[in-house]
Amino acid sequence: MKTLIIVTHPEIEKSVINKRWIEELKKYPEKYTVHQLYEAYPDGKIDVSREQKLMEAYDKVVFQFPFYWFSSPPLLKQWLDEVVLYGWAYGSNSGFKLAGKKMSLAVTAGIDEDGYTASGEYKYTMNELFRPYELTFDYIQAEYIKPFVYYGIERDSSDEWIERSVPMYLEFLDKL
């Protein structure tokens, strides 16, 4: 079954890694569907019904985004608030439409991984910082898969560094 990749990047044309990942994913339309939130909703007005139907059509969903202020870009939070609703995703006998689906994150982070440790610059691991997503996916009875994080773009934004991430990301997606 195909994997839905929900990309949330407010400036995708300025992106280096996220844009490259999208280019690669689009080479495999039989495996991946790329859905870019900022492209679909430049005005921020989300079509909830459309998004829910899209989510229902896939067994595997990955939210791809750059790490912004220790979270996601704002449109993803808005999307979660507006799409993952009571009675559809949780909270009633008719809810839990996402139950059993595999869900994960694919995130690009500016600094190196050692910055996200108890003794590092940011004092917390990525897994700790991703707990709200883990709890959200657990709450809607989806299966949370440990995220894919590609670190260090602020240190090295060379073509080689970017290209190194592509097979790693594809391998992560294939193992979902």
Side-chain angles (χ1 to χ4, degrees), residues 1 3-12 15 17-18 21-22 25 32-38 40-41 44 46 48 51-52 54-56 58-92 95-155 165 168-176:
M1 165 129 296
T3 302
L4 175 62
I5 314 292
I6 298 178
V7 179
T8 312
H9 195 303
E11 296 183 308
I12 196 66
S15 168
I17 293 181
N18 280 274
W21 288 356
I22 291 168
L25 293 170
Y32 311 114
T33 298
V34 176
H35 178 50
Q36 296 186 62
L37 292 183
Y38 278 95
Y41 305 110
I46 296 170
V48 173
E51 294 299 308
Q52 290 176 340
L54 186 63
M55 291 290 289
E56 288 176 15
Y58 293 85
D59 291 330
K60 298 184 282 184
V61 180
V62 173
F63 296 89
Q64 177 185 315
F65 56 89
F67 206 48
Y68 270 40
W69 291 106
F70 311 103
S71 187
S72 67
L75 189 57
L76 181 54
K77 174 62 169 111
Q78 178 186 341
W79 185 95
L80 289 167
D81 290 345
E82 293 181 14
V83 174
V84 183
L85 296 175
Y86 178 86
W88 179 74
Y90 67 96
S92 76
F96 298 105
K97 299 287 187 186
L98 304 176
K101 294 182 184 288
K102 293 182 178 186
M103 294 192 181
S104 192
L105 310 173
V107 177
T108 54
I111 69 167
D112 290 330
E113 187 172 6
D114 62 3
Y116 292 100
T117 62
S119 60
E121 183 176 355
Y122 296 124
K123 302 177 193 164
Y124 298 95
T125 67
M126 280 294 201
N127 285 333
E128 291 171 314
L129 294 168
F130 290 146
R131 289 254 165 83
Y133 299 99
E134 181 178 1
L135 183 57
T136 297
F137 299 155
D138 285 347
Y139 192 74
I140 61 172
Q141 299 181 7
E143 181 183 349
Y144 178 70
I145 307 297
K146 186 178 175 183
F148 175 77
V149 182
Y150 196 67
Y151 298 92
I153 193 62
E154 288 179 10
R155 176 182 47 79
S165 72
M168 294 165 63
Y169 184 31
L170 293 177
E171 181 180 357
F172 165 79
L173 293 173
D174 288 343
K175 289 183 178 180
L176 283 178

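Qualifying side chain to side chain donor-acceptor pair (under 3.5 Å) partners for Thr108, counting only residues two or more places apart in sequence or in other chains: Asn18. Legend: residues meeting ring-ring contact (aromatic ring centres under 6.0 Å, His included) with Tyr90, ordered by chain and number and at least two apart, are Tyr86, Tyr139.
For the pair Gln52 (side chain) and Val83 (backbone), a donor-acceptor distance under 3.5 Å is present. Without hydrogens or angle criteria, Lys101 side chain to Glu56 main chain gives a donor-acceptor distance under 3.5 Å. A donor-acceptor contact shorter than 3.5 Å links the side chain of Gln78 to the backbone of Gly44.
Atom CD1 in Ile140 sits 4.5 Å away from atom CG in Leu98 (nearest 0.5 Å). To the nearest 0.5 Å, atom CD of residue Glu143 and atom CG of residue Asp138 are 10.0 Å apart.
Under the 4.5 Å side-chain criterion, counting only non-hydrogen atoms from C-beta, Tyr38 is not in contact with Val7. Taking 4.5 Å as the limit, some side-chain heavy atom of Asn127 sits within range of a side-chain heavy atom of Pro147. Counting heavy atoms from C-beta outward, Lys60 and Ile145 have side chains that stay 4.5 Å or more apart. With contacts defined as side-chain heavy-atom distances shorter than 4.5 Å, the pair Val107/Tyr133 does not qualify. The shortest side-chain heavy-atom distance between Tyr58 and Met103 does not fall under the 4.5 Å cut-off. By the 4.5 Å heavy-atom criterion applied to side chains, Thr8 and Ser72 are not counted as neighbours. Using a 4.5 Å heavy-atom cutoff, the side chains of Lys102 and Thr3 are not in contact.
Annotation: Phe63 is in aromatic contact with Trp79 [ring centroid separation under 6.0 Å].
Here the closest heavy-atom approach between residue Leu173 and residue Leu25 is recorded as CD1-CD2, 3.4 Å. Closest non-hydrogen pair, Ser165 versus Ile17, comes out as OG-CG2, 4.0 Å.
Residue pairs meeting the salt bridge (Lys or Arg N to Asp or Glu O under 4.0 Å) criterion with at least one partner in residues 70-80, sequence neighbours excluded, are Lys77-Asp81.
Aromatic ring pairs are classed by plane angle as parallel below 30°, tilted from 30° to 60° and perpendicular above 60°; the pair Phe65 and Phe130 is perpendicular. Note: Phe67 and Tyr116 have perpendicular aromatic rings, judged against thresholds of 30 and 60 degrees for the angle between ring planes. Between Phe148 and Trp21, the ring planes are tilted. Angles from 30° to 60° get that label.
The local environment of CD in Glu113 is sparse, with at most 12 non-hydrogen atoms from other residues, nucleotides or ligands closer than 6.0 Å. In the displayed structure, Tyr124 atom OH is contacted under 6.0 Å by at most 12 heavy atoms of other residues, nucleotides or ligands.
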